[in-house]
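Structure first, then comments.
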Amino acid sequence: MYRVTRQIEFCYGHRLLDYDGKCRHLHGHNGLAVVTLEGPTLDARGMLVDFGDIKRTLQRWIDDELDHNMILRRDDPLLPLLQERGERVFVMDQNPTAENIARLIYDQGRSAGLPVVEVVLWETPNCFATFAGGG
């Protein structure tokens with residue numbers, strides 16, 4: 001089995017609803033998504049996936065949709081206010097936890113046709129969450 005990995009840095013803000021800790025307040029992170037792709041064969045070039053293809057698809061989506069953006073849950077009471085003021089907001093159905101953002105990136109990569117098997121989202125230098133496909 002072959003694996004390739006690309007790291008994608010992005011900055012984002014969020015807050016967690018129904019949470020009793022500090023993260024219930026608006027705050028930001030310098031995130032690092034570590035995206036791993038896997039497959040049993042290589043193409044005619046000897047590649048599983050060209051790193052440039054990952055950049056053109058998944059990194060571009062992260063840059064356009066998540067980077068320097070506030071990520072909020074759909075029922076966050078701040079959402080209408082931020083939208084009215086023209087602020088960048090990415091809306092999720094779930095709380096924008098590191099776990100859910102890792103799953104979001106995984107799903108986006110898969111929907112772009114990339115054989116993504118795992119996304120690790122580093123929220124801080126000491127804390128990360130992982131979503132891996134399969135069972």
Side-chain angles (χ1 to χ4, degrees):
M1 199 61 69
Y2 297 95
R3 284 183 166 216
V4 296
T5 300
R6 183 171 183 100
Q7 297 185 21
I8 302 169
E9 296 177 354
F10 65 107
C11 300
Y12 66 97
H14 70 155
R15 75 172 183 168
L16 304 180
L17 300 180
D18 306 319
Y19 183 77
D20 198 28
K22 289 180 182 180
C23 292
R24 72 181 182 272
H25 303 290
L26 292 173
H27 63 285
H29 294 284
N30 292 320
L32 173 66
V34 182
V35 181
T36 301
L37 296 78
E38 180 179 275
T41 59
L42 302 178
D43 65 16
R45 303 169 297 180
M47 297 178 179
L48 176 65
V49 176
D50 186 331
F51 290 114
D53 292 340
I54 302 168
K55 182 177 182 178
R56 278 186 293 283
T57 56
L58 190 55
Q59 184 166 339
R60 175 176 283 158
W61 181 83
I62 289 172
D63 288 347
D64 290 346
E65 300 297 329
L66 302 180
D67 187 43
H68 285 81
N69 212 341
M70 187 62 65
I71 305 173
L72 297 175
R73 195 169 83 186
R74 185 167 307 286
D75 61 341
D76 192 308
L78 288 177
L79 183 57
L81 177 67
L82 292 172
Q83 289 173 325
E84 287 170 12
R85 288 178 166 59
E87 292 294 333
R88 288 177 43 107
V89 181
F90 185 90
V91 180
M92 296 182 67
D93 291 328
Q94 309 83 14
N95 237 356
T97 61
E99 295 89 341
N100 284 328
I101 296 170
R103 172 70 186 262
L104 174 70
I105 294 168
Y106 172 92
D107 289 345
Q108 183 61 36
R110 296 292 293 191
S111 71
L114 297 172
V116 177
V117 294
E118 180 180 87
V119 174
V120 178
L121 178 65
W122 286 88
E123 197 171 68
T124 72
N126 299 313
C127 300
F128 66 88
T130 302
F131 181 83

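Index from 1, following the sequence.
By the neighbour-count criterion of 12 heavy atoms within 6.0 Å, atom CZ of Arg24 is densely surrounded, having more than that number from other residues, nucleotides or ligands. Within a 6.0 Å sphere centred on CG of Asp43, other residues, nucleotides and ligands contribute more than 12 heavy atoms. More than 12 heavy atoms of other residues, nucleotides or ligands sit less than 6.0 Å from atom CD of Gln83.
In this structure, Ile105 CD1 and Gln59 CD are separated by 11.0 Å, a value rounded to the nearest 0.5 Å. The CG atom of Leu81 lies 9.0 Å from the CD atom of Glu87; values are rounded to the nearest 0.5 Å. Arg6 CZ to Lys55 NZ: the interatomic distance, rounded to the nearest 0.5 Å, is 6.0 Å. Note that CZ of Phe131 is 6.0 Å distant from CG of Asp107, once rounded to the nearest 0.5 Å. Note that the CD atom of Gln94 and the CG atom of Asn100 stand 5.0 Å from one another [nearest 0.5 Å]. One distance of note links CG of Leu72 with CG of Leu26; it measures 7.0 Å at 0.5 Å rounding.
Follow the hydrophobic side-chain contacts under 4.5 Å out from Ile54 and you reach Leu42 in the same cluster. Hydrophobic clustering of Ile, Leu, Val, Met, Phe, Trp and Tyr side chains at less than 4.5 Å, counting indirect connections, keeps Leu32 apart from Ile8. Tracing side-chain contacts under 4.5 Å through hydrophobic residues (I, L, V, M, F, W, Y), one reaches Leu79 starting from Met70; they form part of the same cluster.
Judged by distance alone, with hydrogens and angles left aside, the side-chain atoms of Arg88 form a donor-acceptor pair with the main-chain N or O of His68 at under 3.5 Å. Checked by atom type and distance alone, the side chain of Arg85 never pairs as donor or acceptor with a backbone atom of Leu82 at under 3.5 Å.
With sequence neighbours left out, the ring pair (Phe, Tyr, Trp, His ring centres under 6.0 Å) criterion links His27 to His14, His29. Residues passing the side chain to side chain contact (heavy atoms under 4.5 Å, CB included) test with Ser111 are Gln108, sequence neighbours excluded. Arg73 is linked by a salt bridge (charged side-chain N to carboxylate O under 4.0 Å, His left out) to Asp18, Asp75, counting only residues two or more places apart in sequence or in another chain.
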Please set out all donor-acceptor pairs under 3.5 angstrom arising from side-chain atoms of residues 113-126, sequence neighbours excluded.
residue : atom : partner : partner atom : Å
Glu123  : OE2  : Tyr12   : OH           : 3.3
Thr124  : OG1  : Asn126  : N            : 3.1
Thr124  : OG1  : Cys127  : N            : 3.0

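Taking all atoms of both residues into account, the shortest heavy-atom contact from Thr57 to Ala112 is CB-CB, 4.3 Å. When all heavy atoms of Tyr2 and Leu48 are compared, the pair lying nearest together is O-CD2, 3.6 Å. What you find for Ala33 and Phe10 is that their closest heavy atoms are CB-CE2, 4.1 Å. The minimum heavy-atom distance between Asn95 and Arg15, with the atom names listed, is OD1-O, 4.3 Å. Ala102 and Ala129 get closest at one heavy-atom pair: CB-O, 4.2 Å. Of all heavy-atom pairs spanning Cys11 and Asn30, the tightest one is SG-OD1, 3.0 Å.
Grouped by direct or indirect side-chain proximity (heavy atoms under 4.5 Å, Ile/Leu/Val/Met/Phe/Trp/Tyr only), Leu16 sits with Tyr19. Its side chain outside the 4.5 Å cluster rule for every partner, Leu17 clusters with none of the Ile, Leu, Val, Met, Phe, Trp and Tyr residues.
Checking each of Val4, Thr5, Leu58 against Val35 for a side-chain contact (heavy atoms from CB on, under 4.5 Å) leaves exactly one that passes, namely Leu58. No option in Ile71, Asp67, Asp64 other than Ile71 meets the side-chain contact (heavy atoms from CB on, under 4.5 Å) test with Phe90.
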Exercise for review: Could you please spell out the steps behind the side chain to side chain contact (heavy atoms under 4.5 Å, CB included) verdict for Met92 and Ile101?
Suggested key: CA-CA 9 Å; Met92 296 182 67; Ile101 296 170; 4.2 Å; yes
